Every structure is written in C-alpha cells, then in structure tokens.
Number of protein chains: 2
Amino acid sequence: MDDTTEPGGANPTGQAPETPAGELPGGRARPKTDKSEQTRALILDTAMRLFRERGYDKTTMRAIAAEAGVSVGNAYYYFESKEFLIQGFYDQMTREHAVEALARMADQRDFSDRLCTALDSWVDCAAPYHEFASQFFRTAADPNSSLSPFSNESHPARDTAVKLFREVLDGSDLGPKIDPELDELLPDLLWLHQMIVVLYWVFDRTEDTERTRAFVKRCSPFVAKMVTLSRYRVFRPLVRDAVDMIKDFVLPTIGKAAPAPTEAPKRKRRAKKD
Amino acid sequence: MDDTTEPGGANPTGQAPETPAGELPGGRARPKTDKSEQTRALILDTAMRLFRERGYDKTTMRAIAAEAGVSVGNAYYYFESKEFLIQGFYDQMTREHAVEALARMADQRDFSDRLCTALDSWVDCAAPYHEFASQFFRTAADPNSSLSPFSNESHPARDTAVKLFREVLDGSDLGPKIDPELDELLPDLLWLHQMIVVLYWVFDRTEDTERTRAFVKRCSPFVAKMVTLSRYRVFRPLVRDAVDMIKDFVLPTIGKAAPAPTEAPKRKRRAKKD
DNA sequence: AGAAGGTTTTGAACGCGTTCGAAACCTTGG
DNA sequence: CCAAGGTTTCGAACGCGTTCAAAACCTTCT
C-alpha cells in the first residue's frame with residue numbers, strides 16, 4: 001500500500017543485474033522488460049520483508065500479493081512456488097556472510113581462528129532468521145526441492161561458501177605440507193562441516209543459539225588439530241581412506257564428478273562387486 | 001469399502017497392546033474402549049497402505065478417511081495431523097529392522113561385518129519406501145515436528161535403534177580394551193552414523209540405491225578401524241576431545257543430559273567465555 | 001425407562017498454496 | 001489507425017490439511 005509507488009530503485013536483492021543465460025535461477029521465464037523485472041523484484045522484496053516480520057508459514061501468498069499490490073496469479077507468474085521465493089534470500093545471505101567473514105578474519109592467521117570466525121560470522125548473519133529458518137529448513141531437506149544444499153546444481157550459493165573456505169585455508173599459516181589431495185578436498189569438507197553447524201543451529205533451542213556458538217568454538221580447534229595431525233605418518237592410512245571415500249561418495253552427490261580423467265586412478269584397492 | 005468389515009484382527013501395527021501411561025505416542029487421547037482402538041488401527045493401516053501405494057503427498061486425508069470408511073473429522077480425532085500417521089510407520093519399521101539385523105548378524109563376530117550387516121539390513125528394510133520416504137523426510141527435518149530424530153523425547157524408535165547398536169558392539173570380538181567412556185558413547189555414535197546413512201539414502205537417486213549400499217560397505221571397515229585405532233596412544237588426545245565434545249554437545253540434543261551427577265567432571269580444559 | 005455425562009463420529013466450512021482461462025496491456029507491422 | 005501476437009495481470013476456482021459445533025452413540029446412575 002505504501003511503497004508500491006517506488007518499486008525500482010537499485011538492484012534489490014543484490015542479484016547481478018544481467019542474467020547469464022536461459023532461465024533465472026529461482027524464477028520462471030527470463031525477464032524481457034524493465035517493468036517485468038521491477039515487478040519481480042517488488043514481489044521478492046515484499047516476500048522477504050514479510051518472512052522476516054511474520055515468519056515463513058504465517059506469510060501467505062495472498063498477503064505477499066496484497067502487500068505488493070499485485071494479484072496472487074501475478075506472483076505465481078514470476079515465482080513457480082512459494083519456496084522459490086526463499087532461494088533469493090538464501091543466495092543473498094550467503095553472499096553477505098562471505099563478505100562479513102572475510103572482513104572479520106582479515107588479520108587472523110591461525111587456521112583454527114579463521115575457521116571459527118567464518119562459522120561465527122555465519123551464526124551472526126543467520127541469527128535474525130533463526131526463528132523462521134527452521135520453517136523452510138524442511139523444504140531444503142527435500143531432495144526433490146531445488147533448495148536442497150546438495151544434489152541440486154544451479155546453486156551458486158554453495159560455490160560462494162566453498163570459495164570462502166578456500167580463503168579460510170589460504171590465509172592460514174598452516175605449513176605447506178598438507179597432502180595436496182586433501183588440500184583440494186578441504187574446502188568442500190569445511191563446507192560440509194558448516195552444513196553440520198547449520199543443522200545443529202536449526203535444532204538449537206537455546207537462548208541466542210548459545211549452544212551452537214559454543215559448539216563452533218569447540219569444533220574449530222578440533223578440526224584444526226585433525227588437519228594438522230593428518231600430516232603425520234600414523235594418520236596417513238586413515239587420511240587416505242577418508243579421502244578416497246569422500247571422493248567416491250561425497251563429491252558425486254554435490255555435483256562434482258569423482259574421477260578426474262587427467263589423473264590415473266592411483267592406489268584404491270578395488271572392492272569386489274558382490 | 002471392502003475390508004471395513006474385518007477391522008480388528010491381531011494388533012495391527014505391531015504396537016504393544018497395552019499403552020504405558022498417559023498419552024499415545026503418535027495419537028491424541030488415550031483410547032478407552034476396544035472399538036476406539038479398532039477404529040484407530042483401521043485408520044492407521046489404511047493410511048500406511050495408501051502411503052505405500054500412492055506415496056505420501058498423493059494420499060489425501062479425505063482418501064484415507066473414505067477408504068477406511070470413516071469421516072475426515074474422525075481421522076483427526078485419532079491423529080492430530082497427517083504427519084502423526086507417519087510415526088506409527090516409523091516405529092514399526094525400526095522394530096522390524098532390529099529383528100532382521102539381529103537375525104542376520106547372529107553368526108558374525110567381526111565388528112566391521114556386524115556393523116555393515118546392521119546398516120545393510122536397514123537399507124533393505126527401508127527399500128520399499130524409498131520413493132516416498134523423501135516426502136516425509138522433510139517433515140522429520142523440522143525441529144518442531146515430533147518426527148525429528150533428535151531433540152524430541154517420546155521417541156521409542158531411537159531407543160530401539162541405539163539398543164541394536166549396543167548389540168552390534170557386544171556381539172563383536174573387539175578386545176575389551178576400549179575406553180569405557182567411549183564404549184558407553186558408541187551406540188549413540190553408531191546411531192548417529194546410521195542417521196548419516198539415512199540422509200545419504202534419502203538423497204540417493206541411483207538404481208536400487210546402489211550407491212548407499214556401496215557407501216555402507218566402505219564406511220563400515222573405516223569406522224571399525226577408527227574404533228580399533230582409538231585404543232592406541234597417539235589417538236588418545238583426539239579421542240578424548242571427541243568424547244568430551246560429544247558428551248557436551250550431541251547427547252544433550254538427543255535428550256540425554258550431559259554431566260552425570262555421580263561422576264566428577266574429570267579433565268576438561270575450560271574454555272574462556274569470550 | 002429416562003436423564004446425565006462422557007466418548008466417538010460427522011460433514012460443512014475455513015484458510016491455504018496453486019492453477020487456469022481470460023482479460024488487459026504492450027509492442028510491432030501493415 | 002487497426003489487427004496480430006506476445007507478455008503481463010487478474011481473480012475465481014480447485015484440492016488440500018485442518019477445525020469445530022453439533023449430532024450420534026454408549027455408559028452409568030437413579
């Protein structure tokens with residue numbers, strides 16, 4: 001009712017102004033006109049605001065449409081379903097988190113510290129949404145949903161996050177002696193670790209998610225220690241096994257093909273078919 | 001329309017005939033009469049059948065009621081919501097799995113083998129439901145739902161599963177040298193491991209969930225190796241840290257209080273508040 | 001037998017996400 | 001200027017999970 005008169009403005013969700021090709025990530029058809037994109041943005045912004053104000057479940061599509069001054073049908077013209085409205089939010093938060101985390105760890109060199117900072121930042125960035133995060137977390141848990149963190153391509157958010165953990169590593173003063181294979185895997189593993197933190201956070205009912213914060217503080221040195229120890233002889237076989245398993249079973253599910261064709265399959269005891 | 005004439009029969013879902021106290025696990029009020037329990041069972045059985053036949057989403061409450069020959073309102077008299085119908089299914093499958101697994105591992109002594117068998121059994125038991133499992137998996141992912149594997153008490157299914165893993169351990173020929181603290185934790189940890197397998201399984205789109213089966217085969221020796229190695233000196237500090245973390249952060253979330261009042265808090269380097 | 005009080009059953013109604021045919025609004029080309 | 005064809009907008013309508021007030025049924029007591 002009030003801000004429908006000034007819909008355009010700067011690009012609203014931080015989305016890149018030009019869409020790369022074909023389809024929009026979370027939307028329907030590719031926008032053709034400026035007007036179209038404005039309407040789309042208006043609906044998305046309104047939705048996000050209402051999500052924040054009332055929570056996901058209590059925000060009805062009718063309310064979004066009404067508040068945005070359009071019809072329900074129009075909302076569905078731009079967003080295939082209610083949950084597609086979340087994707088925008090998710091991408092945005094991931095980007096904000098990356099920026100925030102990088103800023104905070106700028107003068108940190110210790111790996112454990114940097115990791116802790118990165119995860120802490122996430123908890124802080126996500127804090128305002130904790131209440132209703134759980135409401136759409138179940139959507140993300142559906143393998144058929146485009147929101148699921150794994151398995152679905154077209155998820156730039158994951159790339160952003162993985163790159164952040166690459167930074168966490170590269171900015172650390174860990175010796176250069178880490179197993180290169182492991183090193184290549186680590187960003188993905190740390191991202192996986194973050195997914196566990198997210199899981200923990202979603203289920204965390206403590207005040208200000210204190211327990212998650214404590215969890216992060218305790219996990220980070222532990223993870224750092226494991227990474228450090230991975231260089232020692234005794235741990236090598238374990239690390240080998242783990243690396244192989246991850247390559248074979250984890251990476252494929254997040255859209256990265258297991259065996260690089262340029263490299264011959266090294267060790268890898270073959271397991272019999274049956 | 002057809003089998004409404006013979007509703008009673010033996011106890012339908014394998015539920016224990018006498019309810020312990022107060023409330024039914026997944027239902028509403030405590031049943032008072034036989035007739036009541038029959039109706040309840042009829043509705044639940046019909047629901048399960050339809051879930052299997054059509055999947056969760058495509059089975060409407062109206063269809064369940066119609067097929068069972070009752071009114072929708074009546075279904076809601078016995079089951080608080082649609083998802084409460086799942087609880088019965090979940091409990092039942094867990095029990096079936098425990099029986100099946102114990103039978104299969106009867107003559108196995110190797111820990112890795114037993115673990116593998118237990119998990120394999122689960123995949124087999126769950127196989128018929130794979131298609132629609134993902135549909136209610138998202139419900140289980142909601143922390144507010146009574147279906148979530150953690151955080152919610154009144155989940156006898158978890159106890160059943162944890163006890164099974166206790167059996168897996170006790171029947172193994174692992175030396176008696178395992179850290180007793182770790183030993184006490186292990187069933188819960190193995191259950192957690194199973195939850196990861198379940199997660200993997202839900203997202204597994206391969207034929208007959210081949211990848212999950214392979215995953216289990218690869219994980220089991222790995223887990224066994226870790227348990228074995230945990231006895232060696234070098235790994236002790238790591239094990240200590242892990243055990244402490246689990247006690248502090250994992251157990252509390254699954255309803256087990258962290259510090260036993262009978263035991264003084266042993267080592268545990270205190271971390272500063274800020 | 002009848003009244004009281006509880007348990008069970010009903011089905012109309014509500015609010016929601018979503019769909020769809022049609023209207024309104026743009027472009028373009030003649 | 002109008003007609004054609006595409007894009008955008010609309011809102012009534014559908015199917016769903018769920019609620020609720022009232023009816024039906026069942027005990028039990030007088």
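Every chain is numbered from 1, with letters handed out A, B, ... down the list of sequences. It should be emphasised that the depicted structure is a prediction, and the values quoted were computed from it without experimental measurement.
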For the side chain of Tyr77(A), starting at C-beta, report the closest nucleotide among dG17(D), dT18(D), dT7(D).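 That would be dT7(D).
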Among dA12(C), dG17(D), dG11(D), which nucleotide sits nearest the side chain of Val72(B)?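 Closest nucleotide to the Val72(B) side chain: dA12(C).
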Would you kindly give the [atom1]-to-[atom2] distance between [X] and [N], to the nearest whole Å?
X	N	atom1	atom2	value
Glu80(B)	dG17(D)	CD	C1'	13 Å
Ile43(A)	dT8(D)	CD1	P	12 Å
Phe51(A)	dG17(C)	CZ	C1'	12 Å
Phe79(B)	dT9(C)	CZ	C1'	15 Å
Glu37(B)	dC26(D)	CD	C1'	17 Å
Asp57(A)	dG15(C)	CG	P	17 Å

Examine [N]: is either OP1 or OP2 under 4.0 Å from a nitrogen or oxygen in the side chain of [X]? Give yes or no.
X	N	answer
Ser71(B)	dT9(C)	no
Thr39(B)	dT9(C)	yes
Tyr76(A)	dT9(D)	no
Asn74(A)	dT8(D)	no

Pairing of Lys82(A) and Asp57(A) as salt bridge, 4.0 angstrom limit: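 No, Lys82(A) and Asp57(A) are not salt-bridged.
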Note: Asp159(B)-Arg166(B) ion pair, threshold 4.0 Å (strictly below):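 Salt bridge absent between Asp159(B) and Arg166(B).
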Result of checking Tyr56(B), Phe89(B), Tyr129(B) against Phe51(B) for ring-ring contact (aromatic ring centres under 6.0 Å, His included):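 Testing each of Tyr56(B), Phe89(B), Tyr129(B) against Phe51(B), the sole residue satisfying ring-ring contact (aromatic ring centres under 6.0 Å, His included) is Tyr56(B).
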Between Thr59(B) and Lys35(B), which is nearer to the 5' end of DNA chain D once each is assigned its nearest nucleotide?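 By nearest-heavy-atom nucleotide position, the 5'-most residue is Thr59(B).
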For a quick check, tell me whether the side chain of Arg62(B) and the base of dG15(D) share a donor-acceptor pair closer than 3.5 Å.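 When only heavy-atom distances are counted, Arg62(B) does not reach the base of dG15(D) through any donor-acceptor pair under 3.5 Å.
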Check whether any side-chain N or O of Arg211(B) sits under 3.5 Å from a backbone N or O of Tyr200(B) as a donor-acceptor pair, and report yes or no.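 A pair under 3.5 Å: no.
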Do any N or O atoms from the side chain of Thr59(A) and from the backbone of Leu50(A) form a donor-acceptor pair under 3.5 angstrom?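 Pair found, side chain donor or acceptor close to backbone of Leu50(A).
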How do Met61(A) and Gly73(A) order along DNA chain C: which one's closest nucleotide is nearer the 5' end?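 Closer to the 5' end of DNA chain C: Met61(A).
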